[in-house]
Amino acid sequence: MPITAHVARALGAALGYAPEHLPEIERALTEPPSLALGDLAFPCFQLARQLRAAPAKIAADLASRITADTLIERAVAQGPYVNLYLDRAAAARQVLGAIAGDPERYGSRNLGGGQVIVLDFSAPNIAKPFHFGHLRSTNIGADLARIFSFLGYRVVRKNYIGDWGTQFGFVIYAWQKWGDLHALRQRAIEYLVELYVRAYKESETDPGVREQARHLFLRLEQGDPDIAALWQQFRELSLAGFMRTYERLGIGFDSYEGEASVNHLVEAVIERFRRASVAVESEGALVVPVSDVLGRELAPMMLRKSDGASTYAARDCAEALDRFERYGFSANIYVVSRQEDHFAQVFAALGKLAEAEGWESRWPQTCENVSFGYVRGMSTRKGEAVWLEDVLDEARDRARRVREEKSAANPRAFPELPEEELERISESVGQAALLYFDVSSRRMSDITFDWDSVLQFEGNTGPYLQYCHARMCGIFRKAAAQGLATTGGPAPTPATLADEEWALVLVLRGFGAAVERAAEGREPHEISQYLHTLASAFNAFYNRHTVIDGAEPLTTGFRLELVGAAQAVLASGLRLLGIRSLELM
RNA sequence: GCGCCUGUAGCUCAACGGAUAGAGCACCGACCUUCUAAGUCGGGGGUUGCAGGUUCGAUUCCUGCCAGGCGCGCCA
């Protein structure tokens, strides 16, 4: 039985509660602010109301009625709280046993039961750079995908490439005017971006450019073969570039079908909206009024512009309907920044369509826009974007320099490694710094790009976690050299645990809860925060105690198991964040 | 004007409605003959934007202000 359930049962017995109230008690349990005050706490405020007595009196009474057992050492009333001290050895046995039983899956749960979650993320625009700003959707989405998988959902990773729209009019306009085949072959995306920026800048002084671009896009949508061939070529070149970046980030998708792929569905869907009388004509355009659905003042959603071209919203509706038919999702999540109104319109419009057509649907409930903060200083149009590839390169190079400095200062601690191994480590450390930085704050906070904070390797950073993992591995290398257990498997537990050992056990106990918070709040930051707490607890332990030399054999055995458990959980958490665990740094 | 989001230490950020609001960076001071010092320990630093309300209890929930960001039918 899990620790909290055991404690809830003891409290329930002391209160004379029926078993069905135990989950309530379990939920009410909190952690005291410090180890000195106990390991778990039960606040008595709610009871005070029911029993019409002072919380402190109830706490005192309750504490006196709890008897020590195999897991609970003692209960002490502290003001309105009943503070429970656990038998450290018994509790450690339980936590470490659970981890050793299945290290890879510890903390996971089959919450999803195989239900499908479609996760739409990354979605870069063709002919626009994959810059640092795109990392947010890509990284948050990939993290959520791993987290949902870990919790038993079937996740469909969808990269809805931005391969359609007036922006292509701009690129094609620029290509026809200045196009240079040689430059295109040499620098593909970079060159396409230059073309786009150049055309866009021209349109700011000459409104006719925008008109021409719009017209070129209309021709594309109407199937002009020359324009379509150009578009096809641009798309392929861009996608090839994106794939290199994804590979480097270790991220893959189940589908790369973009807006263009739903093109052939759009007309039929618009027709459905019209036939169901959900869409109405307005000022020459076709719109769906949606202000009456979600209780918000939303502008009407436009399906077709007055010039006859379909809109982004129309394609999103068509794509969502197609997605629903194909995957039968239980949740449909778009990891897209700052498009709350747009998605509210789309979900509301789909809800109205389903209602008008008389089929069961809960579009506004099953669809969700997971938004995130703005990355400052990354406008493509202003040409100030920083390419993600460049950030990755710089991160890798800095990681390499840092290691060189450290190994020069302390050669004994840093073994000579082959060049390719050094390359691999530098790449991983740099990548870790980047990926962790992105989730080191809650997703809704805005981020200001700044080389020095992104490429920080000390403190609350990805490399700090990797370093901690490498230290754990170092302990096992030493153990192996002395012929000791190298896996950290089950070992006898000493009668007493030091504070640092116990604190680490308590942190390990909380991994599953952190994963579930991350899933529920669509918030990978929960994982990064948890891992930082874990690494800090480990480093505090590491600094205070030796595992191998100078410890009793019993202690060494237990500590190896503890370190093994911590290593398994740290690696597991890093995996959820897409960060590689390193044995050496 | 309307909608959404955000205001917490000098900076970047935490805190299931719970105890003395915590980390990192920066600054000051300690700690490597030891399993990697990318680390650890200690120190200074706060009217949680303002004012109300709900509650035994509010950084958290509600309302109104103030400030900032983003968006608002023919960009995507």
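Below, chain A is the first sequence line, B the second, and so on; all start at residue 1. What you see below is based on every heavy atom in this structure, not just the backbone, and it leaves out hydrogens, waters and symmetry mates.
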> Looking at the side chain of Arg412(A), which of A38(B), G69(B), U34(B) is the nearest nucleotide?
Replying inline: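 Closest nucleotide to the Arg412(A) side chain: U34(B).
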> Which one, C35(B), A38(B), C5(B), comes nearest to the side chain of Met585(A)?
Replying inline: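 That would be A38(B).
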When the [atom1] atoms of [N] and [M] are considered, how many whole Å apart are they?
N      : M      : atom1 : answer
C13(B) : C66(B) : C1'   : 23 Å
C4(B)  : A23(B) : P     : 36 Å
G7(B)  : U40(B) : C1'   : 34 Å
A26(B) : G18(B) : C1'   : 33 Å
C61(B) : G24(B) : C1'   : 30 Å
C65(B) : A15(B) : P     : 28 Å

> Trp164(A) vs Phe217(A) aromatic rings, parallel, tilted or perpendicular, using cut-offs 30° and 60°?
Replying inline: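 Ring orientation of Trp164(A) relative to Phe217(A): perpendicular.
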>> Tell me whether the rings of His134(A) and Phe130(A) are parallel (<30°), tilted (30 to 60°) or perpendicular (>60°).
In response: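 The rings of His134(A) and Phe130(A) sit tilted, inter-plane angle from 30° to 60°.
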>> If the condition is ring pair (Phe, Tyr, Trp, His ring centres under 6.0 Å), which residues does Tyr436(A) pass it with, not counting sequence neighbours?
In response: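 For Tyr436(A) there are no ring pair (Phe, Tyr, Trp, His ring centres under 6.0 Å) partners, ignoring immediate neighbours.
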>> Distance criterion of 3.5 Å, no angle test: do you see the side chain of Thr311(A) paired donor-to-acceptor with the base of C74(B)?
In response: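 Between C74(B) and Thr311(A), which were checked side chain against base, a qualifying N/O pair under 3.5 Å is absent.
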> Any N or O donor-acceptor pair linking the side chain of Asn539(A) to the base of A37(B) at under 3.5 Å?
Replying inline: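 Absent.
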> Hey, what do you get for CD1 (Ile3(A)) to CD (Glu26(A)), rounding to the nearest 0.5 Å?
Replying inline: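 Between Ile3(A) CD1 and Glu26(A) CD, I get 11.0 Å after rounding to 0.5 Å.
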> If you look at every strand shown and take non-hydrogen atoms under 4.0 Å, does Gly162(A) touch a base, only sugar-phosphate, or nothing?
Replying inline: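 Counting heavy atoms under 4.0 Å across all strands, no contact is made by Gly162(A).
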> How is Arg517(A) classified with respect to the nucleic acid when contacts are heavy atoms under 4.0 Å: base, sugar-phosphate, or nothing?
Replying inline: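 No contact.
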>> What stems show up for RNA chain B when you take Watson-Crick pairs (N1-N3 plus N6-O4 or O6-N4) and G-U wobbles (N1-O2, O6-N3), both under 3.5 Å, and require three or more consecutive pairs?
In response: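 Paired runs of 3+ in RNA chain B: B:1-7 with B:66-72, B:10-13 with B:22-25, B:27-31 with B:39-43, B:49-53 with B:61-65.
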>> Tell me the closest heavy-atom pair linking Pro55(A) and Pro80(A), and the distance in Å.
In response: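 Heavy atoms of Pro55(A) and Pro80(A) come nearest at CB-CB, 3.7 Å.
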>> Would C70(B) be called syn or anti here, given the cut-off of 90° from 0?
In response: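 You should classify C70(B) as anti.
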> So, Tyr81(A) and A19(B): ring centres less than 5.5 Å apart, planes less than 30° off, yes or no?
Replying inline: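 Yes, aromatic ring over the base.
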> For the rings on Phe234(A) and Phe168(A), is their centre-to-centre separation under 6.0 Å?
Replying inline: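 No.
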>> Within the structure provided, determine whether Asn263(A) and Arg315(A) are in side-chain contact (heavy-atom separation under 4.5 Å).
In response: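 Side-chain contact under 4.5 Å: yes.
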